[in-house]
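Written out below as C-alpha cells is the structure these notes cover.
This is a predicted model, so every value here is computed, not measured. Both ligands and their constituent atoms are indexed starting at 1 by order of listing. Keep in mind that the numbers below use all heavy atoms, side chains included, and drop hydrogens, waters and symmetry copies.
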Amino acid sequence: MSDLVRFGISLEKELLERFDRHIKGKKYTNRSEAIRDLIRDDLVKREWLEDKEVTGSITLVYNHHKRELTNFLIDIQHDYHTIILSTQHIHLDEDNCLEIIVIKGKPQEIEGLYSKLKSAKGVKHGGLAMTTTGKEIV
Ligand code: NI
C-alpha cells in the first residue's frame, strides 16, 4: 500500500460548496477520492502532452454496406498495426457497425491514426478515449 499523506487546502467557501455539490452528483463518498481523481486526470493529460507512452480506445460507427470504406478502414489499421492491441467489431444492426480499437503508443501516432479513421468518408461518428498505461499513476 502506498504511503498516505494528509495536507490542508485553503479555498473560497463558495468554491468548496460548488465542489461538494459536484462530487455528490458524481457519487463520490468523500472529497479525498474526488481530489485524487482530479489529480490523476491531470497527470494523464500531462502524459499525453509530454509524449509519453499512453493507451486509449477509438470507437467508430459506420455503415458496412459501403465496401470501399470497410476496406479503407482495414488498410489504415494495418498501417498502424504496431500500436493496435486489439480490434472488436460489433454488428449493431443490419447496416451499422461499431468498431472498438484499443491502442498503446505515442500520442502523436495515436492521434494520427484517429484522425485518419474519423475523417474517412462514411464514418458516422468517431471517438477517442485517452488514458494511461497506469505505470506512473498510483
Ligand atoms: Ni458489422
Side-chain angles (χ1 to χ4, degrees):
M1 196 179 141
S2 53
D3 293 332
L4 282 180
V5 178
R6 284 180 189 277
F7 66 100
I9 300 174
S10 304
L11 73 165
E12 289 73 14
K13 188 169 176 279
E14 195 187 326
L15 191 59
L16 182 61
E17 284 168 358
R18 283 190 65 184
F19 183 66
D20 283 344
R21 281 198 301 276
H22 167 73
I23 65 176
K24 199 177 169 196
K26 297 273 183 187
K27 308 295 180 203
Y28 283 103
T29 52
N30 60 62
R31 287 178 187 147
S32 292
E33 196 51 42
I35 291 169
R36 278 183 209 116
D37 268 1
L38 286 177
I39 293 170
R40 290 185 193 115
D41 281 348
D42 200 54
L43 291 172
V44 171
K45 274 186 201 145
R46 289 227 70 82
E47 288 183 358
W48 278 77
L49 289 171
E50 291 172 355
D51 206 33
K52 300 272 176 70
E53 184 179 62
V54 293
T55 65
S57 60
I58 294 170
T59 54
L60 300 172
V61 174
Y62 62 93
N63 185 327
H64 77 100
H65 292 302
K66 300 188 175 180
R67 291 284 166 206
E68 65 287 0
L69 172 63
T70 306
N71 286 334
F72 184 66
L73 295 177
I74 290 170
D75 284 347
I76 295 169
Q77 291 186 56
H78 276 269
D79 290 343
Y80 284 84
H81 70 93
T82 54
I83 63 166
I84 294 177
L85 298 178
S86 78
T87 302
Q88 186 176 15
H89 183 103
I90 297 112
H91 311 302
L92 292 174
D93 56 31
E94 292 77 8
D95 304 315
N96 294 296
C97 302
L98 167 63
E99 212 149 282
I100 304 167
I101 303 159
V102 178
I103 55 252
K104 181 166 92 171
K106 290 296 183 95
Q108 265 197 344
E109 247 190 319
I110 292 173
E111 280 162 358
L113 169 62
Y114 175 56
S115 298
K116 284 182 186 169
L117 293 170
K118 186 184 164 84
S119 64
K121 195 165 175 273
V123 170
K124 294 183 177 183
H125 187 253
L128 171 61
M130 299 172 170
T131 186
T132 174
T133 62
K135 286 178 189 166
E136 293 181 24
I137 308 284
V138 290

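A donor-acceptor pair is defined here as one N or O able to donate and one able to accept, closer than 3.5 Å; such a pair exists between the side chain of Trp48 and the backbone of Thr131. Of the possible donor and acceptor atoms, none in the side chain of His64 sits under 3.5 Å from a partner among the backbone N and O of Leu69.
Separating the CG atom in Leu117 from the CD1 atom in Ile101 is a distance of 5.0 Å, to the nearest 0.5 Å.
Under the 4.5 Å side-chain heavy-atom criterion for Ile, Leu, Val, Met, Phe, Trp and Tyr, Val61 and Val123 are members of distinct hydrophobic clusters.
Remark: Glu50 CD is packed, more than 12 non-hydrogen atoms of other residues, nucleotides or ligands lying under 6.0 Å away.
Around the Ni ion (ligand 1), the protein N, O or S atoms closer than 2.8 Å are His89 NE2, His91 ND1, Cys97 SG, listed by chain and residue number.
The two atoms that bring Asp37 and Tyr28 nearest to each other are OD2-OH, 2.6 Å, heavy atoms only.
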